[in-house]
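Okay, structure first, notes after.
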Amino acid sequence: MAVQTVQSTSASASETVDLGPAAALSCRECGERFPLGPIFACESCFGPLEVAYDLPADGPEALKKRIAEGPDNIWRYAPLLPVPADVAAHPNINPGFTKLVKADNLARELGITGELHVKDDSGNPTHSFKDRVVAIAVEAARAFGFTTLSCSSTGNLAGAVGAAAARAGFRSCVFIPHDLEQGKVVMAAVYGGELVGIEGNYDDVNRFCSELIGDPLGEGWGFVNVNLRPYYGEGSKTLAYEICEQLGWRLPDQIVIPIASGSQLTKIDKGLRELIKLGLVEDKPYKIFGAQAEGCSPVSTAFKAGHDVVRPQKPNTIAKSLAIGNPADGPYVLDIARRTGGAVEDVNDEQVVDAIKLLARTEGIFAETAGGVTVGVTKKLLDAGLLDPALTTVVLNTGDGLKTLDAVAPTTGPTATIPPSLDAFRAAGLAG
Ligand SMILES: *Cc1c(COP(=O)(O)O)cnc(C)c1O
């Protein structure tokens with residue numbers, strides 16, 4: 001990521017901003033603090049910035065009650081997010097509180113004897129987990145006075161930004177690699193914003209956006225995953241909050257999370273640690289596992305080689321939503337997997353398709369390729385003895401299979417096509 005322009009401009013950067021309990025930005029590397037603003041890298045060491053909070057002083061029971069009384073979406077956790085207290089009244093896409101599905105059939109198939117749950121984020125407004133991060137970035141964009149929302153995207157983010165901008169009254173202009181799945185392209189365009197295909201892969205798109213931010217052409221633009229990235233990232237914490245609340249304020253023992261940039265995985269860990277600190281869940285160990293596609297596996301490759309540095313790769317996989325060859329949060333993912341006793345693993349495209357079908361056949365959940373990666377890696381980790389089949393495990397499905405039909409279409413279709421007669425049906429041998 002380009003660091004030549006740490007400070008980006010906005011209409012009201014100098015006014016005090018109200019982002020609820022968010023107190024400041026702090027550098028993940030050196031800890032230096034900065035006032036809340038549309039900045040993403042530390043001025044001293046170029047480390048990534050994250051949101052620091054004045055967390056609520058209510059005791060755990062009072063806080064649980066406040067959460068339970070909130071709306072059935074991520075705003076129920078507003079006391080733990082960088083958003084104003086009246087956020088639920090703003091026009092936004094209000095994602096979250098998606099289903100946590102107890103996946104007994106899949107558990108049986110995989111040989112899991114403990115509890116297995118699928119957190120199904122295909123139920124969000126634009127059918128992926130990206131609605132969570134965008135909803136928070138919209139509030140930051142509003143607070144900083146931006147009028148245009150933008151992003152570099154592997155597909156789902158572009159759709160989420162398009163929808164949120166339409167609803168919240170922003171102009172949007174989003175950037176994607178030119179060769180994405182039709183479902184992703186159509187969903188990114190249908191909300192009426194500008195959509196630009198870049199001739200290159202995601203890493204080229206991201207580099208382009210970093211240049212645009214530093215140029216007068218990008219003035220007044222809030223890039224949800226670049227200059228608003230510290231706020232955007234906080235949206236992923238809501239997955240941790242929901243999973244624990246839906247388990248009856250319990251920590252799962254093991255969570256399997258897909259990795260693109262690695263932001264989601266690192267923020268789920270941050271969310272779990274906050275819940276422990278606030279006393280909302282018991283302080284006990286949990287393990288975090290990361291999932292990648294073999295054709296874009298910079299983090300799992302580093303994990304398995306015992307490296308601390310993530311070497312960029314050129315992506316080639318059907319799991320296009322995870323195809324980031326140079327993941328910004330890769331090193332932090334390695335830290336978290338190692339610190340918690342988890343692992344990072346990858347599966348090939350054929351295993352991704354098999355896993356999509358396995359989840360559909362056992363639980364009636366149609367996942368996009370990223371979900372296939374996660375379920376496929378879960379199976380591989382179980383087979384390798386790295387996941388304990390006797391514990392409580394949560395697997396994330398982060399997107400909807402309708403957006404990646406091409407992945408399964410060649411091997412999925414009608415069992416038979418027949419004339420409308422009983423004789424023909426009898427002949428097809430499908431009765432009984
Ligand atoms: C973006 C995305 C991810 C992962 O996102 P990161 O936070 O960049 O790791 C996972 N699944 C789907 C479907 C996505 O679109």
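Note that the numbering runs from 1 along the sequence shown for the chain. One-based numbering, in listed order, for ligands and for the atoms of each. Just so it is clear, the model here is predicted, and its values are computed rather than measured.
- Counting the atoms of ligand 1 from 1 in the order shown, those under 4.0 Å from a heavy atom of Pro258 are 10 (C).
- The nearest protein atom to atom 4 (C) of ligand 1, hydrogens excluded, is given as Ala260 CB, 3.6 Å; this is a heavy-atom distance.
- For the residue pair Asp121/Ser128, the side-chain donor-acceptor check at 3.5 Å is not satisfied.
- The ring pair (Phe, Tyr, Trp, His ring centres under 6.0 Å) test with Tyr241 singles out one residue from Phe97, Tyr77, Trp249, and that residue is Tyr77.
- For atom 14 (C) of ligand 1, the closest heavy atom belonging to the protein is Lys130 NZ, 2.9 Å.
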Residue pair Leu63, Leu280: steps toward the side-chain contact (heavy atoms from CB on, under 4.5 Å) verdict: CA-CA 8 Å; Leu63 186 52; Leu280 294 191; 4.0 Å; yes
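- Distances between N or O atoms of Ala370 and those of ligand 1 include no value under 3.5 Å.
- The closest donor-acceptor contact from the side chain of Glu109 to the backbone of Thr362 lies at 3.5 Å or more, if one exists at all.
- An N or O contact shorter than 3.5 Å links Gln264 to ligand 1 by distance.
- Thr369 and Lys320 share no side-chain donor-acceptor pair at under 3.5 Å.
- Under 4.0 Å from ligand 1, the heavy atoms of Leu322 that appear belong solely to its side chain.
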Derivation of the side-chain hydrogen bond (donor to acceptor under 3.5 Å, both in side chains) call for Lys119 and Gln246: CA-CA 10 Å; Lys119 179 62 173 165; Gln246 289 170 320; 2.9 Å; yes
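- For atom 11 (N) of ligand 1, the nearest non-hydrogen atom of the protein is Thr398 OG1, 2.7 Å.
- Checking Gly330, Ser261, Gly290 against atom 6 (P) of ligand 1, the nearest heavy atom belongs to Ser261.
- Aromatic ring centres of Tyr231 and Phe144 lie closer together than 6.0 Å.
- At a heavy-atom cutoff of 4.0 Å, ligand 1 is contacted by the side chain of Asn156 but not by its backbone.
- Using a 4.0 angstrom heavy-atom cutoff, Ser128 does not count as in contact with ligand 1.
- Tested against Tyr286 for a side-chain hydrogen bond (donor to acceptor under 3.5 Å, both in side chains), the candidates Asp269, Thr392, Asp253 yield a single pass: Asp269.
- Here is the list of ligand 1 atoms found below 4.0 Å of a heavy atom in Gly262: 6 (P), 8 (O), 9 (O).
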